[in-house]
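Take a look at the structure below.
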Number of protein chains: 2
Amino acid sequence: MLKGHLDMIVLAALSAGPAHGYAVIEEIRRRSGEAFDLPEGTIYPALHRLEQAGLLASRWTTSESGRRRRVYALTRSGDRALAERRALWQQFSDAIGGLLEGTRPCKKPA
Amino acid sequence: MLKGHLDMIVLAALSAGPAHGYAVIEEIRRRSGEAFDLPEGTIYPALHRLEQAGLLASRWTTSESGRRRRVYALTRSGDRALAERRALWQQFSDAIGGLLEGTRPCKKPA
DNA sequence: CTTCCATACCTCGGATTGCTATGGATCGCG
DNA sequence: CGCGATCCATAGCAATCCGAGGTATGGAAG
(Lines give C-alpha, C1' and ligand atoms only; values in the text may rest on other atoms or scores of the structure.)
Protein backbone atom coordinates (compact mmCIF):
# COMPACT_ATOMS: atom_id res chain seq x y z
CA MET A 1 0.00 0.00 0.00
CA LEU A 2 1.27 3.37 -1.07
CA LYS A 3 -1.11 5.29 1.12
CA GLY A 4 -0.06 8.87 1.28
CA HIS A 5 2.82 8.56 -1.11
CA LEU A 6 1.03 8.15 -4.39
CA ASP A 7 1.21 11.81 -5.24
CA MET A 8 4.94 11.85 -4.83
CA ILE A 9 5.23 8.77 -6.99
CA VAL A 10 3.22 10.29 -9.80
CA LEU A 11 5.14 13.53 -9.61
CA ALA A 12 8.39 11.61 -9.69
CA ALA A 13 7.26 9.66 -12.75
CA LEU A 14 6.47 12.90 -14.53
CA SER A 15 9.73 14.55 -13.55
CA ALA A 16 11.35 12.68 -16.43
CA GLY A 17 9.14 14.59 -18.83
CA PRO A 18 5.49 14.95 -19.88
CA ALA A 19 3.46 11.81 -20.38
CA HIS A 20 -0.13 10.65 -20.67
CA GLY A 21 -1.90 8.59 -18.03
CA TYR A 22 -1.29 5.20 -19.46
CA ALA A 23 2.39 5.95 -19.94
CA VAL A 24 2.67 7.13 -16.35
CA ILE A 25 1.55 3.72 -15.20
CA GLU A 26 4.24 2.05 -17.26
CA GLU A 27 6.89 4.51 -16.18
CA ILE A 28 6.08 3.81 -12.56
CA ARG A 29 6.19 0.10 -13.10
CA ARG A 30 9.48 0.36 -14.90
CA ARG A 31 11.22 2.65 -12.44
CA SER A 32 10.03 0.73 -9.42
CA GLY A 33 11.48 -2.47 -10.78
CA GLU A 34 8.02 -3.94 -11.39
CA ALA A 35 7.18 -3.43 -7.74
CA PHE A 36 4.35 -1.02 -8.38
CA ASP A 37 1.75 -1.95 -10.93
CA LEU A 38 -0.89 0.67 -10.33
CA PRO A 39 -4.40 0.23 -11.68
CA GLU A 40 -6.02 2.95 -13.73
CA GLY A 41 -8.58 3.58 -11.04
CA THR A 42 -5.69 4.74 -8.93
CA ILE A 43 -3.78 6.83 -11.43
CA TYR A 44 -6.48 8.82 -13.15
CA PRO A 45 -8.05 10.21 -10.02
CA ALA A 46 -4.57 11.04 -8.80
CA LEU A 47 -3.74 12.92 -12.00
CA HIS A 48 -6.97 14.88 -11.76
CA ARG A 49 -6.33 15.65 -8.12
CA LEU A 50 -2.83 16.88 -8.85
CA GLU A 51 -4.00 19.01 -11.74
CA GLN A 52 -6.73 20.45 -9.56
CA ALA A 53 -4.03 21.35 -7.07
CA GLY A 54 -2.05 23.11 -9.77
CA LEU A 55 0.88 20.73 -9.61
CA LEU A 56 0.24 19.38 -13.08
CA ALA A 57 -0.92 20.88 -16.35
CA SER A 58 -2.63 18.83 -19.02
CA ARG A 59 -3.05 19.25 -22.74
CA TRP A 60 -4.92 17.18 -25.29
CA THR A 61 -2.91 15.82 -28.14
CA THR A 62 -3.62 13.66 -31.12
CA SER A 63 -1.05 11.18 -32.26
CA GLU A 64 -0.41 10.52 -35.96
CA SER A 65 -2.67 7.52 -35.75
CA GLY A 66 -5.48 9.81 -34.67
CA ARG A 67 -5.54 8.61 -31.11
CA ARG A 68 -6.36 11.26 -28.53
CA ARG A 69 -4.25 11.49 -25.45
CA ARG A 70 -4.11 13.75 -22.48
CA VAL A 71 -0.54 14.67 -21.73
CA TYR A 72 0.42 15.81 -18.26
CA ALA A 73 3.44 17.86 -17.29
CA LEU A 74 4.82 19.17 -14.04
CA THR A 75 4.21 22.83 -13.35
CA ARG A 76 6.61 25.02 -11.46
CA SER A 77 4.55 24.30 -8.35
CA GLY A 78 4.69 20.62 -9.09
CA ASP A 79 8.43 20.74 -9.23
CA ARG A 80 8.61 22.43 -5.89
CA ALA A 81 6.05 20.05 -4.43
CA LEU A 82 8.09 17.09 -5.57
CA ALA A 83 11.16 18.48 -3.83
CA GLU A 84 9.13 18.90 -0.65
CA ARG A 85 7.70 15.43 -0.83
CA ARG A 86 11.12 13.99 -1.36
CA ALA A 87 12.43 15.76 1.72
CA LEU A 88 9.45 14.54 3.70
CA TRP A 89 10.00 11.04 2.46
CA GLN A 90 13.59 11.20 3.61
CA GLN A 91 12.49 12.23 7.08
CA PHE A 92 9.79 9.62 7.17
CA SER A 93 12.08 6.93 5.92
CA ASP A 94 14.74 7.80 8.46
CA ALA A 95 12.20 7.78 11.26
CA ILE A 96 11.02 4.33 10.28
CA GLY A 97 14.63 3.28 10.14
CA GLY A 98 15.05 4.45 13.70
CA LEU A 99 11.99 2.51 14.72
CA LEU A 100 13.19 -0.69 13.15
CA GLU A 101 16.64 -0.31 14.59
CA GLY A 102 17.37 -2.83 17.28
CA THR A 103 14.52 -4.97 16.02
CA ARG A 104 16.86 -6.84 13.80
CA PRO A 105 20.34 -8.07 14.65
CA CYS A 106 22.03 -5.70 12.23
CA LYS A 107 25.74 -5.60 12.15
CA LYS A 108 26.74 -2.82 14.48
CA PRO A 109 30.13 -1.36 13.61
CA ALA A 110 30.70 -0.16 17.17
CA MET B 1 1.22 10.04 6.90
CA LEU B 2 1.89 6.60 8.17
CA LYS B 3 -1.02 5.03 6.38
CA GLY B 4 -0.44 1.36 6.12
CA HIS B 5 2.68 1.35 8.22
CA LEU B 6 1.24 2.04 11.63
CA ASP B 7 0.89 -1.61 12.47
CA MET B 8 4.52 -2.26 11.72
CA ILE B 9 5.50 0.69 13.86
CA VAL B 10 3.52 -0.52 16.83
CA LEU B 11 4.87 -4.02 16.46
CA ALA B 12 8.38 -2.64 16.25
CA ALA B 13 7.86 -0.61 19.40
CA LEU B 14 6.73 -3.71 21.24
CA SER B 15 9.57 -5.82 19.94
CA ALA B 16 11.71 -4.31 22.67
CA GLY B 17 9.44 -5.88 25.24
CA PRO B 18 5.90 -5.68 26.63
CA ALA B 19 4.46 -2.28 27.33
CA HIS B 20 1.18 -0.55 27.94
CA GLY B 21 -0.47 1.81 25.50
CA TYR B 22 0.83 5.04 26.82
CA ALA B 23 4.36 3.69 26.97
CA VAL B 24 4.10 2.56 23.36
CA ILE B 25 3.41 6.12 22.35
CA GLU B 26 6.51 7.32 24.13
CA GLU B 27 8.63 4.52 22.81
CA ILE B 28 7.61 5.41 19.29
CA ARG B 29 8.32 9.05 19.83
CA ARG B 30 11.69 8.27 21.32
CA ARG B 31 12.83 5.78 18.70
CA SER B 32 11.67 7.91 15.81
CA GLY B 33 13.71 10.85 17.01
CA GLU B 34 10.57 12.81 17.97
CA ALA B 35 9.35 12.50 14.40
CA PHE B 36 6.24 10.52 15.29
CA ASP B 37 4.08 11.82 18.10
CA LEU B 38 1.03 9.66 17.75
CA PRO B 39 -2.21 10.61 19.47
CA GLU B 40 -3.95 8.13 21.74
CA GLY B 41 -6.87 7.89 19.37
CA THR B 42 -4.48 6.37 16.89
CA ILE B 43 -2.66 3.95 19.14
CA TYR B 44 -5.45 2.38 21.14
CA PRO B 45 -7.52 1.32 18.16
CA ALA B 46 -4.35 0.01 16.57
CA LEU B 47 -3.55 -2.06 19.65
CA HIS B 48 -7.07 -3.44 19.70
CA ARG B 49 -6.89 -4.23 16.04
CA LEU B 50 -3.60 -6.04 16.39
CA GLU B 51 -4.84 -8.01 19.37
CA GLN B 52 -7.95 -8.94 17.44
CA ALA B 53 -5.66 -10.19 14.69
CA GLY B 54 -3.77 -12.30 17.18
CA LEU B 55 -0.51 -10.44 16.81
CA LEU B 56 -0.61 -9.06 20.31
CA ALA B 57 -1.73 -10.42 23.66
CA SER B 58 -2.83 -8.18 26.50
CA ARG B 59 -3.01 -8.58 30.22
CA TRP B 60 -4.32 -6.27 32.89
CA THR B 61 -1.93 -5.32 35.61
CA THR B 62 -2.16 -3.16 38.66
CA SER B 63 0.80 -1.13 39.76
CA GLU B 64 1.62 -0.68 43.44
CA SER B 65 -0.12 2.66 43.38
CA GLY B 66 -3.30 0.90 42.30
CA ARG B 67 -3.24 2.17 38.73
CA ARG B 68 -4.59 -0.29 36.23
CA ARG B 69 -2.72 -0.78 33.02
CA ARG B 70 -3.16 -2.97 30.05
CA VAL B 71 0.13 -4.46 29.02
CA TYR B 72 0.61 -5.68 25.48
CA ALA B 73 3.16 -8.17 24.23
CA LEU B 74 4.02 -9.63 20.86
CA THR B 75 2.77 -13.12 20.22
CA ARG B 76 4.59 -15.64 18.11
CA SER B 77 2.42 -14.52 15.19
CA GLY B 78 3.22 -10.92 15.95
CA ASP B 79 6.89 -11.65 15.75
CA ARG B 80 6.51 -13.28 12.39
CA ALA B 81 4.26 -10.49 11.19
CA LEU B 82 6.84 -7.93 12.16
CA ALA B 83 9.48 -9.74 10.15
CA GLU B 84 7.16 -9.80 7.16
CA ARG B 85 6.32 -6.15 7.48
CA ARG B 86 9.95 -5.25 7.72
CA ALA B 87 10.70 -7.17 4.55
CA LEU B 88 7.80 -5.48 2.82
CA TRP B 89 9.01 -2.12 4.02
CA GLN B 90 12.42 -2.84 2.58
CA GLN B 91 10.89 -3.65 -0.79
CA PHE B 92 8.64 -0.65 -0.66
CA SER B 93 11.44 1.64 0.38
CA ASP B 94 13.70 0.38 -2.38
CA ALA B 95 10.95 0.82 -4.96
CA ILE B 96 10.44 4.41 -3.90
CA GLY B 97 14.16 4.86 -4.08
CA GLY B 98 14.10 3.67 -7.66
CA LEU B 99 11.34 6.08 -8.48
CA LEU B 100 13.11 9.04 -7.00
CA GLU B 101 16.30 8.14 -8.75
CA GLY B 102 17.11 10.50 -11.55
CA THR B 103 14.67 12.99 -10.14
CA ARG B 104 17.41 14.75 -8.34
CA PRO B 105 20.73 15.78 -9.80
CA CYS B 106 22.54 13.26 -7.69
CA LYS B 107 26.19 12.78 -8.23
CA LYS B 108 26.41 10.27 -11.02
CA PRO B 109 29.60 8.24 -10.86
CA ALA B 110 29.47 7.29 -14.52
C1' DC C 1 -16.51 -7.42 -42.45
C1' DT C 2 -16.57 -8.87 -37.98
C1' DT C 3 -14.22 -9.98 -33.88
C1' DC C 4 -10.99 -9.37 -30.68
C1' DC C 5 -7.31 -7.21 -28.23
C1' DA C 6 -4.43 -3.51 -26.68
C1' DT C 7 -4.53 1.20 -25.94
C1' DA C 8 -6.53 5.12 -23.66
C1' DC C 9 -9.70 7.60 -20.88
C1' DC C 10 -13.08 8.16 -17.04
C1' DT C 11 -16.12 7.43 -12.76
C1' DC C 12 -18.32 5.40 -8.83
C1' DG C 13 -18.68 2.81 -4.57
C1' DG C 14 -16.49 0.22 -1.02
C1' DA C 15 -13.22 -0.76 2.38
C1' DT C 16 -9.65 0.58 5.15
C1' DT C 17 -7.23 3.70 7.92
C1' DG C 18 -5.63 7.38 10.86
C1' DC C 19 -7.02 11.58 13.34
C1' DT C 20 -9.90 14.78 16.09
C1' DA C 21 -12.77 15.18 19.68
C1' DT C 22 -14.63 13.67 23.71
C1' DG C 23 -15.17 11.33 27.96
C1' DG C 24 -13.85 9.05 32.14
C1' DA C 25 -10.64 7.76 35.74
C1' DT C 26 -6.39 8.00 38.81
C1' DC C 27 -2.16 9.99 40.66
C1' DG C 28 1.07 13.62 42.31
C1' DC C 29 1.91 18.35 43.27
C1' DG C 30 1.37 23.12 44.70
C1' DC D 1 -8.94 21.78 45.59
C1' DG D 2 -7.25 22.70 40.96
C1' DC D 3 -4.21 21.21 37.50
C1' DG D 4 -1.46 18.59 34.70
C1' DA D 5 0.27 14.17 33.60
C1' DT D 6 -0.89 9.37 33.09
C1' DC D 7 -4.05 5.82 31.36
C1' DC D 8 -7.91 3.74 28.85
C1' DA D 9 -11.65 3.96 25.43
C1' DT D 10 -15.08 5.17 21.61
C1' DA D 11 -17.47 7.62 17.94
C1' DG D 12 -17.48 10.28 13.89
C1' DC D 13 -14.94 12.24 10.20
C1' DA D 14 -12.06 12.69 6.19
C1' DA D 15 -8.84 10.98 3.17
C1' DT D 16 -7.17 7.50 0.20
C1' DC D 17 -6.60 3.54 -2.81
C1' DC D 18 -8.55 0.06 -5.54
C1' DG D 19 -11.84 -2.99 -8.03
C1' DA D 20 -15.41 -2.96 -11.18
C1' DG D 21 -17.57 -1.09 -14.78
C1' DG D 22 -18.27 1.97 -18.86
C1' DT D 23 -16.78 4.39 -23.42
C1' DA D 24 -14.08 4.69 -27.54
C1' DT D 25 -10.34 4.00 -31.15
C1' DG D 26 -6.89 1.53 -34.08
C1' DG D 27 -5.04 -2.53 -35.80
C1' DA D 28 -4.56 -7.44 -36.27
C1' DA D 29 -6.76 -11.83 -36.91
C1' DG D 30 -10.32 -14.67 -38.66
Side-chain angles (χ1 to χ4, degrees), chain A residues 1-11 13-14 18-30 32 35-53 55-56 58-72 85 88-89 92 95-96 99, chain B residues 1-11 13-14 18-30 32 35-53 55-56 58-72 85 88-89 92 95-96 99:
Chain A
M1 282 204 175
L2 331 124
K3 302 237 178 184
H5 306 287
L6 178 66
D7 290 1
M8 176 181 66
I9 292 173
V10 172
L11 292 174
L14 282 171
H20 62 281
Y22 215 79
V24 168
I25 293 178
E26 291 179 334
E27 177 74 3
I28 291 176
R29 184 172 43 220
R30 198 180 58 76
S32 69
F36 299 148
D37 192 3
L38 307 185
E40 305 176 17
T42 294
I43 291 299
Y44 288 113
L47 288 171
H48 299 336
R49 202 191 318 145
L50 290 170
E51 184 174 22
Q52 202 73 22
L55 306 184
L56 296 183
S58 75
R59 173 173 61 90
W60 281 103
T61 65
T62 307
S63 70
E64 306 149 12
S65 51
R67 205 173 197 59
R68 80 203 203 7
R69 288 169 168 173
R70 197 167 183 175
V71 172
Y72 292 89
R85 305 296 179 104
L88 274 180
W89 165 259
F92 178 73
I96 297 280
L99 258 291
Chain B
M1 284 207 174
L2 330 126
K3 299 238 179 185
H5 305 289
L6 177 66
D7 291 359
M8 176 181 67
I9 291 173
V10 172
L11 292 175
L14 282 172
H20 60 279
Y22 211 79
V24 168
I25 293 177
E26 292 180 333
E27 177 74 1
I28 291 175
R29 183 171 45 219
R30 197 179 59 76
S32 69
F36 299 147
D37 192 3
L38 307 184
E40 306 176 15
T42 293
I43 291 299
Y44 288 112
L47 289 171
H48 299 336
R49 199 174 38 218
L50 290 171
E51 184 174 21
Q52 201 73 21
L55 306 184
L56 296 183
S58 75
R59 173 173 61 91
W60 280 103
T61 65
T62 308
S63 71
E64 306 149 14
S65 51
R67 203 178 196 54
R68 81 204 209 345
R69 288 170 167 171
R70 197 167 183 176
V71 172
Y72 292 88
R85 306 295 179 103
L88 274 179
W89 165 257
F92 178 73
I96 298 279
L99 280 184

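In the text below, chain A, chain B and the rest are named by the order of the sequence lines, each starting its count at 1.
Between the CD1 atom of A:I9 and the P atom of D:dC18 there is a distance of 9 Å, rounded to whole Å. D:dA24 atom C1' lies 14 Å from atom OH of A:Y22, rounded to whole Å. The interatomic distance linking A:L38 (CG) with D:dT16 (C1') rounds to 13 Å, in whole Å. What separates CZ of B:R68 from C1' of C:dT26 is a distance of 10 Å, to the nearest Å. To the nearest angstrom, P of D:dC7 lies 10 Å from CD of B:E40. Distance CZ (B:R67) to P (D:dC8): 9 Å, rounded to an integer number of Å. For A:R49 and D:dT16, the CZ to C1' distance is 7 Å, given to the nearest whole Å. If you take CG of A:L56 and P of C:dC9, they are 13 Å apart, rounded to a whole angstrom.
Among the nucleotides D:dC17, C:dC9, D:dC8, the one closest to any side-chain atom of A:L2 is D:dC17.
Counting non-hydrogen atoms under 4.0 angstrom, A:G41 reaches a base of the nucleic acid.
Summarising the geometry, atom CD1 belonging to A:I9 is positioned 6.5 Å from atom CG belonging to A:L38; distances are rounded to the nearest 0.5 Å.
Dashed line: the shortest gap from a side-chain N or O of A:Y44 to OP1 or OP2 of C:dC10 is not under 4.0 Å. For C:dT11, one of the phosphate oxygens OP1 or OP2 lies less than 4.0 angstrom from a side-chain nitrogen or oxygen of A:H48.
The aromatic rings of B:Y72 and B:H48 sit tilted, their planes meeting at an angle between 30° and 60°. Ring geometry for B:H5 against B:F92 counts as tilted: the plane angle lies between 30° and 60°, on a 0 to 90° scale.
Of all the heavy atoms in A:R29 and A:D37, the pair that sits closest is NH1-OD1, 2.9 Å.
Place A:K3 and A:W60 on DNA chain C by their nearest nucleotides, and A:W60 ends up nearer the 5' end.
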